[in-house]
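Both counts, for ligands and for their atoms, begin at 1 and track the order of listing.
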Amino acid sequence: DTSAPAYQRILLKLSGEALRSPGSMDNISPEIVARIAEEIAQAHRAGVQIGLVVGGGNFWRGAKASVRGMDRATADYVGMLATVMNALALQSALERAGVPCVVQSAIEMKNVAESFIRLKARTYLDNNKIVIFAAGTGNPFFSTDTTAALRASEINAEVVMKATSVDGVYDADPKKVSDAKRFDAISYQECLERQLKVMDSTAFTLCMDNKKPIIVFDMHTPGNITRALLGEPIGTTIS
Ligand code: UDP
């Protein structure tokens with residue numbers, strides 16, 4: 001049912017919001033997590049090695065809390081802990097979908113997750129286990145997009161795939177401008193010149209400096225996560 005994958009190893013970034021069901025009070029929807037896990041499992045069965053970074057925005061964002069008076073670094077640690085909850089939910093769903101999966105946390109939390117050890121992560125991936133990188137980079141003032149860019153380089157992933165709620169990069173906000181043009185492919189340089197927001201600037205620069213292509217795609221269309229992971233040309237490729 002699935003064609004041969006174009007990639008050997010990829011890094012998939014899921015936002016925390018991706019795990020929430022619209023209009024529900026739940027921060028994590030078990031049904032949605034199961035659906036995402038099934039799509040990832042399908043690509044995994046086709047032979048793609050997958051590193052996963054999940055955000056925490058469904059629970060908390062450090063920058064938002066700091067605007068409201070909280071110490072920024074502490075607020076960011078809260079945000080990093082939020083990503084661990086998401087990582088555990090995804091791990092459990094992936095295991096249920098039949099995929100062996102390890103969580104490595106950038107903040108030590110040994111009762112629930114391994115600590116991030118780069119060479120161990122690479123060995124797991126070589127042995128076709130999915131590795132979920134939790135707790136971001138372990139440092140405040142960074143984002144999980146930056147974590148994705150960093151871990152992608154550390155594990156030698158061929159691309160960073162950013163699963164979002166839009167189907168690619170446009171020359172204007174498609175929700176505001178009706179004739180906004182979508183790019184199939186665009187260079188890092190043109191993104192910078194046109195001031196198109198693909199990721200935060202730290203994450204974007206890291207990808208650009210390490211020549212890691214970024215693929216932005218819409219994850220809400222059923223089957224899209226599998227398609228993207230298998231290398232079908234969906235979304236926008238920035239390289
Ligand atoms: N965070 C951090 N350092 C990191 C990664 C994340 O401090 O390396 C914190 C930060 O407060 C951020 C929160 O964790 O707002 C959740 O991550 P993010 O906003 O990237 O999640 P997403 O928007 O992808 O759900």
Side-chain angles (χ1 to χ4, degrees), residues 10-22 24-29 32-33 36-37 40 50-91 93 103-109 112-118 121 131-155 157 160-166 169 197-207 209-210 212 214-220 225 228 235:
I10 64 99
L11 189 296
L12 173 65
K13 160 72 206 296
L14 294 169
S15 69
E17 288 293 346
L19 312 188
R20 186 202 286 281
S21 76
S24 152
M25 292 288 283
D26 300 339
N27 296 86
I28 297 176
S29 155
I32 288 180
V33 173
I36 293 171
I40 294 171
I50 302 160
L52 212 59
V53 168
V54 62
N58 52 328
F59 286 106
W60 183 269
R61 286 210 175 84
K64 277 196 179 161
S66 90
V67 169
R68 293 166 62 190
M70 188 167 170
D71 171 67
R72 171 66 192 264
T74 306
D76 278 341
Y77 278 108
V78 175
M80 286 183 263
L81 296 180
T83 72
V84 180
M85 292 190 267
N86 290 335
L88 294 179
L90 278 165
Q91 179 195 31
V103 178
Q104 286 200 343
S105 173
I107 294 173
E108 207 165 307
M109 216 177 297
V112 293
E114 287 189 12
S115 295
F116 170 64
I117 298 173
R118 176 175 160 266
V131 181
I132 306 179
F133 300 105
T137 62
N139 303 291
F141 303 101
F142 288 92
S143 67
T144 52
D145 276 1
T146 302
T147 310
L150 176 64
R151 297 291 186 244
S153 289
E154 289 185 285
I155 64 169
V160 179
M161 297 196 175
K162 187 174 154 84
T164 66
S165 51
V166 279
V169 178
K197 258 194 72 72
V198 176
M199 288 179 166
D200 62 80
S201 60
T202 310
F204 187 82
T205 308
L206 203 53
C207 287
D209 290 351
N210 293 312
K212 218 37 97 187
I214 307 163
I215 297 176
V216 176
F217 70 96
D218 163 35
M219 61 158 289
H220 295 297
I225 296 177

Flag E17 as yes when one of its N or O atoms lies below 3.5 Å from any N or O atom of ligand 1, and as no otherwise.
no
K13 neighbourhood, listing ligand 1 atoms whose heavy-atom distance to it stays under 4.0 Å:
24 (O)
Any N or O of G57 that comes nearer than 3.5 Å to an N or O of ligand 1?
yes
With atoms numbered from 1 as shown, which atoms in ligand 1 lie under 4.0 angstrom from a non-hydrogen atom of G55?
21 (O), 22 (P), 24 (O), 25 (O)
Donor-acceptor pair, side chain of N86 and main chain of G55, under 3.5 angstrom
yes
Who gets closest to atom 11 (O) of ligand 1 by heavy atom: T147, V53, D76?
D76
Relative to the heavy atoms of G56, which atoms of ligand 1 are at a distance of less than 4.0 Å?
16 (C), 17 (O), 21 (O), 22 (P), 25 (O)
Drop me the distance from I132's CD1 to I50's CD1, to the nearest 0.5 angstrom.
10.5 Å
Is there a donor-acceptor pair under 3.5 Å between the side chain of E108 and the backbone N or O of S115?
no
Minimal heavy-atom distance between A93 and V33, with the atoms involved, is CB-CG1, 3.5 Å
I'd like to know if K64 contacts ligand 1, where contact means a heavy-atom distance under 4.0 Å to any ligand atom.
no
In ligand 1, the atoms that come under 4.0 Å of a heavy atom of T137 are 4 (C), 8 (O)
For ligand 1, find out whether one of its N or O atoms is nearer than 3.5 Å to an N or O atom of N58.
no
Within the structure, does G16 bring an N/O atom to less than 3.5 angstrom of an N/O atom in ligand 1?
yes
Any idea which protein heavy atom is nearest atom 23 (O) of ligand 1, and the distance to it?
R61 NH2, 2.9 Å
Polar contact flag, side-chain donor to acceptor under 3.5 angstrom, T146-D200
yes
With side chains defined as the heavy atoms from C-beta onward, is the minimum distance between I107 and V84 less than 4.5 Å?
no
Taking atom types as modelled, find out whether T144 and K13 have a side-chain donor-acceptor pair closer than 3.5 angstrom.
yes
Ignoring hydrogens, what is the shortest heavy-atom contact between A163 and L12? Give both atom names and the distance.
CB-CD1, 4.2 Å
Starting from atom 20 (O) of ligand 1, find the nearest protein heavy-atom neighbour and note its residue, name and distance.
T144 OG1, 2.5 Å
For W60 and Y77, indicate whether the former's side chain and the latter's backbone hold a donor-acceptor pair under 3.5 Å.
no
Between T83 and ligand 1, is there a nitrogen or oxygen pair with a distance under 3.5 Å?
no
Which residue owns the protein heavy atom closest to atom 12 (C) of ligand 1, what's the atom, and how far is it?
G62 N, 4.0 Å
Close approach, Y77 and ligand 1, non-hydrogen under 4.0 angstrom
no
Rounded to the nearest 0.5 Å, how far does CD1 of I155 lie from CZ of R118?
10.0 Å
Is there a donor-acceptor contact under 3.5 Å from the side chain of T147 to the main chain of T137?
yes
Does K212 use its side chain to pair, donor to acceptor, with the backbone of V160 at less than 3.5 Å?
no
Test your reading of the structure: does A63 have an N or O sitting under 3.5 Å from an N or O of ligand 1?
no
N139 heavy atoms within 4.0 Å reach ligand 1 at atoms 2 (C), 3 (N), 4 (C), 7 (O), 8 (O)
Give a yes/no verdict on whether any heavy atom in P140 is under 4.0 Å from an atom of ligand 1.
yes
What's the shortest distance from atom 13 (C) of ligand 1 to any protein heavy atom, and which residue and atom give it?
G79 CA, 3.6 Å
How far is atom 5 (C) of ligand 1 from the closest protein heavy atom, and which atom is that?
S143 C, 3.4 Å
Do F142 and ligand 1 have an N or O pair less than 3.5 Å apart?
yes
So, is D145 polar-close to ligand 1, with some N/O to N/O distance under 3.5 Å?
no
Heavy atoms, side chains only, cut-off 4.5 Å: are I225 and F217 in contact?
yes
